Amino acid sequence: MKKVLCFLVFATTIVSCKKDVLEFNAFTITNGHAETGLIVDADGTVNEGKDDQVTLGRDGVIKDKEGKEIARLKENNELVDENGKKIAEIDKDGTIKKDSTVLRWTDKGELMSDLNTSYGLYIEPADKKSYQAASTIMCYYLNTVK
């Protein structure tokens with residue numbers, strides 16, 4: 001009985017220690033011409049207008065509609081695919097580092113390069129709390145484009 005009780009306490013502790021990697025509110029990524037690219041609900045459901053809907057968890061895990069993990073933002077800010085291959089590095093303020101490219105969100109929610117070149121993408125509303133989540137889901141989708 002003691003062993004079972006110890007196991008239950010240990011398991012509960014492990015589950016309760018699960019840390020959120022991402023904080024975000026509902027947001028939309030647009031191209032600035034009122035054309036919506038990605039819509040992310042407050043619960044992490046991502047809609048891009050196709051049937052292949054995915055979810056973005058606060059634990060940093062992106063899952064397909066069957067619930068299979070297809071990418072993960074690790075606690076060290078590395079976004080990796082389902083095979084563990086690094087896609088990009090995304091810090092807490094949503095700055096994306098991939099190879100020699102650095103992208104960041106402005107205070108107004110516009111995606112810019114480190115050379116102040118606009119990429120024509122915007123997050124609405126411009127909520128800094130959601131920038132890392134927006135960068136995570138955007139990098140995942142851009143990585144899957146063949």
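Predicted model only: the values in this text are computed from it and were never measured.
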So, for [X] and [Y], which heavy atoms are closest and what is the spacing to 0.1 Å?
| X | Y | answer |
| --- | --- | --- |
| A42 | A26 | N-CB, 3.6 Å |
| S130 | N25 | OG-N, 3.0 Å |
| L56 | F24 | O-CZ, 3.6 Å |
| L22 | T136 | CD2-OG1, 4.1 Å |
| I96 | A88 | CG2-CB, 4.2 Å |

Distance-only side-chain donor-acceptor flag, D91 / N77, under 3.5 Å:
no
I'd like to know whether NZ of K86 has more than 12 heavy-atom contacts from other residues, nucleotides or ligands below 6.0 angstrom.
yes
Does CG in D43 sit with more than 12 non-hydrogen atoms of other residues, nucleotides or ligands closer than 6.0 Å?
yes
Strictly distance-based, threshold 3.5 Å: is any side-chain N or O of [X] a donor or acceptor partner for the main-chain N or O of [Y]?
| X | Y | answer |
| --- | --- | --- |
| N83 | K85 | no |
| K92 | Q132 | no |
| S135 | Y131 | yes |
| D59 | V61 | yes |

Verify the cluster assignment for [X] and [Y]: are they in a single hydrophobic cluster under the rule of side-chain heavy atoms below 4.5 Å apart?
| X | Y | result |
| --- | --- | --- |
| I90 | I70 | yes |
| I87 | L142 | yes |
| L38 | Y122 | no |

Spacing of K74 atom NZ and E89 atom CD [to the nearest 0.5 Å]
10.5 Å
T45 side, atom OG1; K65 side, atom NZ - distance, nearest 0.5 Å
13.5 Å
Can you confirm whether [X] sits close enough to [Y] that some side-chain heavy atom of one is under 4.5 Å from a side-chain heavy atom of the other?
| X | Y | answer |
| --- | --- | --- |
| S118 | L111 | no |
| V102 | S113 | no |
| D114 | K97 | no |
| V54 | I137 | yes |
| I123 | W105 | yes |

Start with the C-alpha distance between V46 and Y141, add both sets of side-chain angles, then the distance that settles side chain to side chain contact (heavy atoms under 4.5 Å, CB included), and finish with yes or no.
CA-CA 11 Å; V46 181; Y141 272 103; 3.8 Å; yes
E110 vs Y119, test: side chain to side chain contact (heavy atoms under 4.5 Å, CB included). Steps then yes/no.
CA-CA 8 Å; E110 182 177 9; Y119 274 77; over 6 Å; no
Pair I29-M138, side chain to side chain contact (heavy atoms under 4.5 Å, CB included): steps then yes or no:
CA-CA 8 Å; I29 298 176; M138 190 181 64; 4.2 Å; yes
Check this for me: does any side-chain nitrogen of one of R72 and D81 sit under 4.0 Å from a carboxylate oxygen of the other?
no
Closer than 4.0 angstrom, basic N to acidic O: yes or no for K68 and E82?
yes
Looking at T95, D93, N116, which one forms a side-chain hydrogen bond (donor to acceptor under 3.5 Å, both in side chains) with R104?
N116
T117/M112 under side chain to side chain contact (heavy atoms under 4.5 Å, CB included): CA gap, chis, key distance, verdict
CA-CA 5 Å; T117 303; M112 304 283 286; over 6 Å; no
